Amino acid sequence: MSATVIQADYTWIENGFAADVQVAVGGDGRIEAVGDLGREVTHSLHHAALLPGFVNAHSHAFQRGLRGQAERFPGAAGSFWTWRESMYQLAASLDGATFHRLSLRAFHEMRDAGITAVGEFHYLHHEHEGDHRFDDLLLEAAREAEIRLVLLQTFYATGGIGKSLEGAQRRFATPSLDRYWNQLDRLAALVDPGTQTLGVAAHSIRAVGLDQIGGLHQEAVRRDLPFHMHVEEQRAEIAESVAAYGQAPMPLLQEKLETRRNFCAVHCTHTAVDAMRRFLQSGGAICLCPLTEANLGDGLPDLQGLAGARLSLGTDSNARISMLEEMRLLEYGQRLRGERRGALADPSGRVATTALVAATEGGAQALKLPAGRIAPGYWGDLVVLDLTSPSLAELAPEVLLEGLIFGGGNEAISGTFVGGRWRASGTAAGR
């Protein structure tokens, strides 16, 4: 097959927008060449700019069904734990058709928000006891939305440290490590090899025993798969870990696991700065979900001095799907915490580049995807910006990224390419 050649007014290459660059994407969906190629253009994009496709490193697609729910608080303040009861009610109510519809809607919204790849932290496995129908339906929904998917198959065994699963949690159940790996091997035969891969996840220290976490991570490293886990999102989680094991989750995991390679810790809202820095220095990565963490009242992590660290971003509960807003709140949250501007500025003083790297390369690294850059060998996953959008009006290329992140929204995204295949925003079937 001949290459698809894409050309916009400006293309993001090496921390800046360059004019009149051609991007050639081969029949395998990977970028073949970038530059002044002199080729016949397949997609000529006028009044447009190209960015690498956004990589959503942490999502629970079914929670799209909670949008607008659990937002009233009569008589008492809400919390993560009261929200969790609403999530359990949703999880208990879903049949296959509704689960598929919610997942598909979430994935379509992600495409419209410039997200071309998603790490789906998937723990709602069973429609009926013992089946894995929701796993299969998730793969189907991602294929229909034509979004790149890393299915982070999630192990979930307890309803708290030492507690049995109850109620809706039984739909999350993983009986044993052997059953888990058998299911992962079954899914490996079902994924679309062009757009879908697998990863390993332990839900949390509340839902997975220490020996099981160690076994999951060890085998993930052996198979060279990404490994993700919720870590220290809630103070109560830390207290429960200290009561059971004598340590908070992060230092406990660093002590118990032989390596941090392939390990992405999600949230780290209440992780001590020194513990977070040691984790990152030892090869770990961190995924932050600022909109969800704000919605749930989790708190603000302390990211001082971590501007160049392995950070990524996720939409988590999907109460709002906008990677631009996740980037914005990543910086704004640190400004509010530290009462200073430019909290996550890189060595050149730019904040927007730190945020963009988290939303692209950082997520790709956390998911072990060759994505997040417009360069040969990477997937041809691209975001197209509409330079006629009012929020981008009169912005020079030198400040376009800053204007987009701090003043733009999803309306500035005219479409996306996944593996070189174009889809305009808002044009999905059935929308």
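Predicted, not measured: the structure shown is a model, and the values here were computed from it.
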Trainee: ring-ring contact (aromatic ring centres under 6.0 Å, His included) with H58: which of H228, H267, H122?
Mentor: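 The residue from H228, H267, H122 that satisfies ring-ring contact (aromatic ring centres under 6.0 Å, His included) with H58 turns out to be H267.
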Trainee: Keeping S282 on the side-chain end and R278 on the backbone end, is there a donor-acceptor pair under 3.5 Å?
Mentor: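 Answer holds: yes.
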Trainee: Consider salt bridge (charged side-chain N to carboxylate O under 4.0 Å, His left out). Of E109, E325, E71, which one does R320 pass it with?
Mentor: E325
Trainee: Does the R423 side chain pair with the main chain of G415, one donor and one acceptor, at a distance under 3.5 Å?
Mentor: no
Trainee: Would you mind reporting whether R30 and P370 have side-chain heavy atoms less than 4.5 Å apart?
Mentor: yes
Trainee: Centre-to-centre under 6.0 Å for F417 and H43, is that the case here?
Mentor: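 Aromatic pair counts; centres sit under 6.0 Å.
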Trainee: Do H100 and T98 have side-chain atoms, one donor and one acceptor, less than 3.5 Å apart?
Mentor: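 No pair is found: no donor N or O on one side chain lies under 3.5 Å from an acceptor on the other.
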Trainee: Angle class for the F80/W83 ring planes (parallel below 30°, perpendicular above 60°, tilted otherwise)?
Mentor: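 Tilted.
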Trainee: Return each pair, listed once, that meets ring pair (Phe, Tyr, Trp, His ring centres under 6.0 Å) where at least one residue sits in residues 272-327; pairs must be two or more places apart or across chains.
Mentor: F263-F279
Trainee: Side chains of E232 and T271: donor-acceptor distance under 3.5 Å anywhere?
Mentor: yes
Trainee: For residues 354-364, which side-chain donor-acceptor pairs fall under 3.5 Å, sequence neighbours excluded?
Mentor:
unit_1	atom_1	unit_2	atom_2	d
T354	OG1	L344	O	2.8
T360	OG1	L356	O	2.6

Trainee: Please assess F121 against H230 for the test ring-ring contact (aromatic ring centres under 6.0 Å, His included), listing each intermediate value before the final yes or no.
Mentor: CA-CA 10 Å; F121 195 107; H230 294 127; 4.3 Å; yes
Trainee: Under 6.0 Å between ring centres, would you say that holds for H217 and F227?
Mentor: yes
